[in-house]
Visitor: 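Take a look at the following structure, please.
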Amino acid sequence: MSFLPAGSPAPDFSLKSVVSERSISPTNIPGQLLLIFHGYQAAALVGRTIEAIRAVYPDPQQLLIASVADMRIVPRLLRGMAEKIMGDAYHQAAAHVPSGQDPADHIIILPDWQGRVFAAYQIPENKGQVALVLIDQDQLIQDTYLGHEPQEAALTLLNGRQ
């Protein structure tokens, strides 16, 4: 399995963000959307990646960043505990959001319990890596990345689209 190619329409989905319960879909984003696909092993790396991107692209109206967490491994009985852990991570990250900004615009954790969004975007098995999918305002996939250095890759993807 490999990514959908650049220029492909972004598959539509709707997932609710942890804590804010904001519904996220490629069709309701005013600017670009960067989806960061990852497993639990890469959660800290995702946080650092988002911080690095926000240092250069601070406006969520121009670039919304959403973390799509692969939750297929979590048994149904443990979902409540997993949601609490994600909620705790949200609140820790919220402390780093600039004053006067809504954390719900900067911290978007989308649990993909069945892996449907991973499948729709044809995300390769990540093995601790992070996958990036950049979607433009026309809901077209602009570029993708899979690897262990998403901070640099994300900025490269975004810089290529200015």
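Values below: all heavy atoms of this structure, side chains included; hydrogens, waters and symmetry mates excluded.
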Visitor: If you group Ile, Leu, Val, Met, Phe, Trp and Tyr by side-chain heavy-atom gaps below 4.5 Å, do Leu63 and Ile109 land in one group?
Guide: no
Visitor: If every non-hydrogen atom of His38 is compared with every non-hydrogen atom of Ala42, which pair is closest and at what distance?
Guide: CB-CB, 4.1 Å
Visitor: Do Gln142 and Asp136 have side-chain N/O donor and acceptor atoms under 3.5 Å apart?
Guide: yes
Visitor: When you group the ILVMFWY residues by side-chain heavy-atom contacts below 4.5 Å and let the links chain together, are Phe118 and Val18 in the same group?
Guide: no
Visitor: Using every non-hydrogen atom in the two residues, find where Met86 and Pro111 come nearest and quote the distance to one decimal.
Guide: CE-CB, 3.9 Å
Visitor: What do the steps show when you test Ser25 against Asp12 for side chain to side chain contact (heavy atoms under 4.5 Å, CB included), and what is the final call?
Guide: CA-CA 6 Å; Ser25 168; Asp12 195 20; 2.5 Å; yes
Visitor: Sub-3.5 Å donor-acceptor pair from the side chain of Gln137 to the main-chain atoms of Pro30, do we have one?
Guide: no
Visitor: Considering only heavy atoms from C-beta outward, does the side chain of Pro11 approach that of Leu4 to under 4.5 Å?
Guide: yes
Visitor: Under 30°, 30 to 60°, or over 60°: which ring-plane class applies to Tyr121 and Phe37, parallel, tilted or perpendicular?
Guide: tilted
Visitor: When rounded to the nearest 0.5 angstrom, what distance separates CG in Leu64 from CG in Asp105?
Guide: 7.5 Å
Visitor: To the nearest 0.5 Å, what is the distance between CD (Glu125) and CG (Leu146)?
Guide: 10.5 Å
Visitor: Taking the side chain as every heavy atom from C-beta outward, state whether Leu158 and Gln32 have any atom pair closer than 4.5 Å.
Guide: yes
Visitor: Hydrophobic clustering (ILVMFWY, side-chain heavy atoms < 4.5 Å, transitive) - are Leu77 and Met81 grouped together?
Guide: no
Visitor: When rounded to the nearest 0.5 angstrom, what distance separates CH2 in Trp113 from CZ in Arg76?
Guide: 9.5 Å
Visitor: For Gln101, I'd like to know if atom CD has over 12 heavy atoms of other residues, nucleotides or ligands within 6.0 Å.
Guide: yes
Visitor: Taking it one step at a time, do Val117 and Leu15 satisfy side chain to side chain contact (heavy atoms under 4.5 Å, CB included)?
Guide: CA-CA 9 Å; Val117 179; Leu15 291 176; 3.6 Å; yes
Visitor: Please check if the number of heavy atoms outside Glu21 that lie under 6.0 Å from its CD is greater than 12.
Guide: no
Visitor: Ignoring hydrogens, what is the shortest heavy-atom contact between Tyr90 and Ser20? Give both atom names and the distance.
Guide: OH-CB, 4.5 Å
Visitor: For atom CZ of Arg116, is the number of surrounding heavy atoms from other residues, nucleotides or ligands below 6.0 Å larger than 12?
Guide: no
Visitor: Do Ile73 and Leu78 belong to the same hydrophobic cluster, where Ile, Leu, Val, Met, Phe, Trp and Tyr are linked whenever their side-chain heavy atoms lie under 4.5 Å apart, directly or via other members?
Guide: yes
Visitor: Would you indicate whether the side-chain heavy atoms of Ile24 and Lys16 approach each other to under 4.5 Å?
Guide: no
Visitor: Can you give me the closest heavy-atom contact between Ala52 and Leu155, atom names plus distance?
Guide: O-CD2, 4.3 Å
Visitor: Let's go through Leu35 and Phe13 carefully: what are the C-alpha distance in whole Å and the side-chain angles of both, what is the deciding distance for side chain to side chain contact (heavy atoms under 4.5 Å, CB included) to 0.1 Å, and is it a yes or a no?
Guide: CA-CA 12 Å; Leu35 297 174; Phe13 67 87; 4.0 Å; yes
Visitor: Would you call Lys84 and Asp88 a salt bridge, using N to O less than 4.0 angstrom?
Guide: yes
Visitor: Just how far is it from atom CZ of Phe3 to atom CD1 of Ile123, taken to the nearest 0.5 Å?
Guide: 4.5 Å
Visitor: Between Val133 and Leu34, is there a side-chain heavy-atom distance shorter than 4.5 Å?
Guide: no
Visitor: Is there a path of hydrophobic side-chain contacts, each under 4.5 Å between heavy atoms, that joins Val46 and Val56?
Guide: yes
Visitor: So do Thr49 and Val130 actually touch side chain to side chain, heavy atoms under 4.5 Å?
Guide: no
Visitor: To the nearest 0.5 Å, what is the distance between CD (Gln139) and OG (Ser8)?
Guide: 13.5 Å
Visitor: Out of Leu45, Ile50, Val68, which one pairs with Ile36 under the side-chain contact (heavy atoms from CB on, under 4.5 Å) rule?
Guide: Ile50
Visitor: Do His106 and Pro60 touch side chain to side chain, with heavy atoms closer than 4.5 Å?
Guide: yes
Visitor: Is there a donor-acceptor pair closer than 3.5 Å between any side-chain N or O of Asp70 and the backbone N or O of Gly115?
Guide: no
Visitor: If you take all heavy atoms of Ser23 and Asn28, which pair is closest and at what distance?
Guide: O-ND2, 3.3 Å
Visitor: Taking atom CD1 of Ile141 and atom CD of Gln122, what is their separation to the nearest 0.5 Å?
Guide: 8.5 Å
Visitor: Would you say the side chains of His96 and Glu51 form a donor-acceptor pair under 3.5 Å?
Guide: no
Visitor: Find out whether His91 and Val19 are in side-chain contact, i.e. whether some heavy atom of one side chain is under 4.5 Å from a heavy atom of the other.
Guide: yes
Visitor: Start with the C-alpha distance between Leu132 and Thr144, add both sets of side-chain angles, then the distance that settles side chain to side chain contact (heavy atoms under 4.5 Å, CB included), and finish with yes or no.
Guide: CA-CA 5 Å; Leu132 306 175; Thr144 58; over 6 Å; no
Visitor: Could you tell me which non-hydrogen atom of Tyr57 sits nearest to which non-hydrogen atom of Asn159, and how far apart they are?
Guide: OH-OD1, 2.8 Å
